[in-house]
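Hydrogens, waters and symmetry mates are skipped; everything else that's a heavy atom, side chains included, is used. None of these values were measured; they are calculated from a predicted model. Letters A, B, ... mirror the listed sequences (proteins, then strands); counts begin at 1.
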There are 2 protein chains.
Amino acid sequence: MLTHCMAVISGAWAANVIWSLRAGPRRFNELRTDIPPISAKVLSSRLTELEQRGVLSRNVRPTSPPSVEYALTDLGGELVPALEAIVEVGHRLKKRDDG
Amino acid sequence: MLTHCMAVISGAWAANVIWSLRAGPRRFNELRTDIPPISAKVLSSRLTELEQRGVLSRNVRPTSPPSVEYALTDLGGELVPALEAIVEVGHRLKKRDDG
DNA sequence: CGGCATCCTAGGGGATACTG
DNA sequence: CAGTATCCCCTAGGATGCCG
């Protein structure tokens, strides 16, 4: 159960993608820039996966050159506070380690 | 940054361990029972890792047979609401898939 | 620009067996 | 009971190259 739910944000970079989209829609290459060490392949798979799960939406705009925008869905947006909470605790855990 | 924080709960079963401890302290074999498909080796590594990060505490009680209790630290406990939020969204995502 | 297909590698994780 | 040691395997993910 938990495991199934966690699957949504596990897999490398899934959380980063959501994180990167929390301020608004982003295009494919913008996401690549946001998350430097990610490879195109993985970003692509992650995006597909997250779209299928209903976490984000994909919007192709018929411009030239073509442009594709990714944005969090309502449900996807609800993941943001959870991630923020984790980051918050992560910070404190780190400070504890360092100090 | 996010990545580093996420590392705390990523790695197979870390989230499950925290989840399993949210109601109170548990012993090694109780955790194994709680999370059936986990192997002793992995549970052991995860426990060690989480202890070092300060997420949980390990308390050896000199009984016979020996017993070891694991419990969430204060910081570890703060992860629980985050996990609950994720589970909540996970549920809704699933219902959306099914429905 | 966006994004598959291919190939390849590292290491996280499973099974089993053994110890204190 | 609570682990540790060993071995093996699987697959998520990186690199590269090509296509619409």
Side-chain angles (χ1 to χ4, degrees), chain A residues 1-21 24-53 55-72, chain B residues 1-21 24-53 55-72 86 90:
Chain A
M1 187 66 264
L2 202 213
T3 306
H4 170 268
C5 299
M6 285 299 298
V8 174
I9 60 165
S10 71
W13 313 120
N16 296 78
V17 170
I18 296 171
W19 195 249
S20 188
L21 287 175
R26 302 289 276 166
R27 296 171 55 185
F28 189 86
N29 278 339
E30 288 177 326
L31 289 172
R32 287 193 69 180
T33 306
D34 289 344
I35 318 169
I38 198 173
S39 66
K41 179 187 118 180
V42 173
L43 177 55
S44 180
S45 349
R46 221 42 67 213
L47 251 15
T48 303
E49 189 183 309
L50 291 171
E51 187 195 359
Q52 274 167 6
R53 287 187 199 274
V55 175
L56 54 80
S57 64
R58 181 170 181 276
N59 179 23
V60 182
R61 294 159 54 192
T63 55
S64 173
S67 121
V68 181
E69 269 193 358
Y70 293 91
L72 290 178
Chain B
M1 186 65 263
L2 203 212
T3 305
H4 170 269
C5 298
M6 284 300 298
V8 174
I9 60 166
S10 71
W13 314 120
N16 296 78
V17 170
I18 297 171
W19 195 248
S20 189
L21 287 175
R26 302 288 277 165
R27 296 170 55 184
F28 189 86
N29 277 340
E30 289 177 327
L31 290 171
R32 286 194 68 180
T33 306
D34 290 344
I35 318 169
I38 198 174
S39 65
K41 179 185 116 179
V42 173
L43 177 56
S44 181
S45 348
R46 220 44 65 213
L47 251 15
T48 304
E49 189 182 309
L50 290 171
E51 188 195 358
Q52 274 166 6
R53 288 187 199 275
V55 173
L56 55 81
S57 63
R58 182 170 181 275
N59 179 22
V60 182
R61 295 158 54 193
T63 56
S64 172
S67 122
V68 181
E69 270 193 358
Y70 293 91
L72 291 179
I86 290 169

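Among the nucleotides C:dG3, C:dC4, D:dG3, the one closest to the side chain of A:T48 is C:dC4. Distance from the side chain of B:S44 is smallest for D:dG3 among the nucleotides D:dG3, D:dA2, C:dG3.
Taking all atoms of both residues into account, the shortest heavy-atom contact from B:E69 to B:P25 is OE1-CB, 3.8 Å. Residues A:P66 and A:R27 share a closest heavy-atom pair of O-NH2, 4.0 Å.
Within the helix from C:dC1-D:dG20 to C:dG20-D:dC1, the inter-axis angle between the opening and closing five-pair segments is 50°, rounded to 10°.
With rounding to the nearest 0.5 Å, the separation of CD1 in A:I38 from OG in A:S44 is 9.5 Å. For the atom pair CD of A:E51 and OH of A:Y70, the computed distance is 7.0 Å after rounding to the nearest 0.5 Å.
Although no hydrogens or angles enter the test, the distance criterion places no donor-acceptor pair under 3.5 Å between the side chain of A:S20 and the main chain of A:N16.
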Might you work through the side chain to side chain contact (heavy atoms under 4.5 Å, CB included) test for A:V55 and A:V17, ending with a clear yes or no?
CA-CA 10 Å; A:V55 175; A:V17 170; over 6 Å; no
After noting the C-alpha distance and the side-chain angles of A:I18 and A:I9, does the key distance pass the side chain to side chain contact (heavy atoms under 4.5 Å, CB included) rule?
CA-CA 8 Å; A:I18 296 171; A:I9 60 165; 4.0 Å; yes
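Within the 4.0 Å cut-off from OP1 or OP2 of D:dG3, at least one side-chain nitrogen or oxygen of B:R58 is found. Close to C:dG2, at under 4.0 Å from its OP1 or OP2, lies a side-chain N or O of A:R27. At the phosphate of C:dG3, OP1 or OP2 sits under 4.0 Å from a side-chain N or O atom of A:Y70.
Here B:R61 lies out of heavy-atom contact (under 4.0 Å) with every strand.
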When every nucleotide of nucleotides 9-20 of chain D is labelled 5' to 3' by its protein contacts under 4.0 Å (heavy atoms), B for base, S for sugar-phosphate only, - for none, what sequence of letters results?
----BBB-----
